[in-house]
Amino acid sequence: MILVVSHKTYPMPDDPLYQPIQVGAAGKAPISPSWLRDDEGDNISERNRTFCELTGLYWAWKHIDTEFYGLCHYRRYFAGQFIFKEKQKGIISAEEIDRLMRRADIILPRKRHYYIETRESQYAHAHHAQDLRVTEAVLREICPGYLPAWQNMLRSRSGHICNMFIMPKALFEEYCGWLFGILFKVEERLDISGYSDYDSRVFGFIGERLLDVWVETKRLRYIEVPVRVIENEHWGRKIAAFLQRKIKGGRD
């Protein structure tokens with residue numbers, strides 16, 4: 001199953017492989033009776049403002065039992081690499097996933113390259129550097145074996161983003177236990193009371209970085225798949241904002 005996280009009405013793939021889930025659903029009317037919701041049973045739906053798509057990931061971890069798990073966004077999907085049938089609209093199929101998983105432990109999106117920035121400096125310019133410092137302190141305390149990969153991630157000029165992946169059940173359960181164990185500790189220690197709405201999405205941002213840390217430390221074999229974006233990503237605005245942050249310097 002691949003979860004398609006969304007907070008609003010949006011056309012979804014006509015394929016049983018893809019299951020839409022309404023994230024941040026707590027206190028809101030259902031988008032569709034066929035969609036899952038992240039506010040039922042054991043959930044962190046009310047923290048969607050700070051955890052973003054990870055509230056849907058947490059819900060799946062606690063409530064869904066399936067052979068493999070994937071996560072994508074209502075506007076971003078793993079592209080079909082070998083089969084481009086019209087009915088699939090160019091997004092990855094179950095047959096392709098099965099073929100790829102025979103050669104790898106996990107499927108990840110193609111890396112984003114920052115070129116003139118390390119991931120550490122990019123984060124400090126775009127968000128708050130203290131987020132990284134607190135996360136590193138938590139890693140040092142509860143799982144120091146992951147620190148070498150954490151440092152490698154900070155020095156890297158590329159990485160897998162958007163918290164997108166496809167992996168089998170055993171890895172998924174291990175990953176979620178590790179990820180949320182760290183994020184909940186960081187949440188306890190990090191003061192975000194003065195953060196903007198954008199920077200308040202901090203635990204989703206940290207989750208993106210931690211995925212690479214986990215994959216490297218576990219020495220998982222991965223295959224990268226291009227991401228198909230349904231809407232215009234407005235790269236002109238993104239590049240302008242990136243350069244503006246670079247010129248102004250970090251937040252702290």
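No hydrogens, no waters, no symmetry mates; every other heavy atom, side chains included, goes into these values. Quantities reported herein were computed from a predicted structural model and do not represent experimental measurements. Each residue takes its place number in the sequence, starting with 1.
- Nearest heavy atom pair, residue Gln19 against residue Ser34, reads NE2-O, 3.2 Å.
- Taking the charged nitrogens against the carboxylate oxygens, Asp65 and Lys169 do have a contact shorter than 4.0 Å, which makes a salt bridge.
- Within the 3.5 Å criterion, the main-chain N or O of Ala29 finds a donor-acceptor partner in the side chain of Gln22.
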Chi angles and distances behind the side chain to side chain donor-acceptor pair (under 3.5 Å) call for Glu53, Asn163
CA-CA 8 Å; Glu53 62 274 358; Asn163 288 307; 2.6 Å; yes
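- Residues Ser193 and Asp191 bring a donor and an acceptor atom of their side chains to less than 3.5 Å of each other.
- At least one side-chain heavy atom of Tyr77 sits under 4.5 Å from a side-chain heavy atom of Ile230.
- Note on Arg140 versus Glu136: salt bridge recorded, some NZ/NE/NH1/NH2 to OD/OE distance being below 4.0 Å.
- No donor-acceptor contact under 3.5 angstrom links the side chains of His63 and Glu40, judged on distance only.
- Using a 30° and 60° split on the angle between ring planes, Tyr195 and His128 fall in the parallel class, below 30°.
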Check the pair Tyr58, Asp42 against side-chain contact (heavy atoms from CB on, under 4.5 Å), reporting the backbone distance first and the verdict last.
CA-CA 9 Å; Tyr58 182 91; Asp42 186 353; 3.0 Å; yes
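- A salt bridge between Asp212 and Arg119 is present, with a side-chain N of the basic residue lying under 4.0 Å from a carboxylate O of the acidic one.
- Residues satisfying the side chain to side chain donor-acceptor pair (under 3.5 Å) criterion with Lys62, sequence neighbours excluded, are absent altogether.
- No option in Arg112, Glu224, Glu208 other than Glu224 meets the side chain to side chain donor-acceptor pair (under 3.5 Å) test with His160.
- Residues meeting the side chain to side chain contact (heavy atoms under 4.5 Å, CB included) test with Glu120, sequence neighbours left out: Thr118, Leu132, Leu154.
- A donor-acceptor pair under 3.5 Å is formed between the side chain of Asp38 and the backbone N or O of Ala25.
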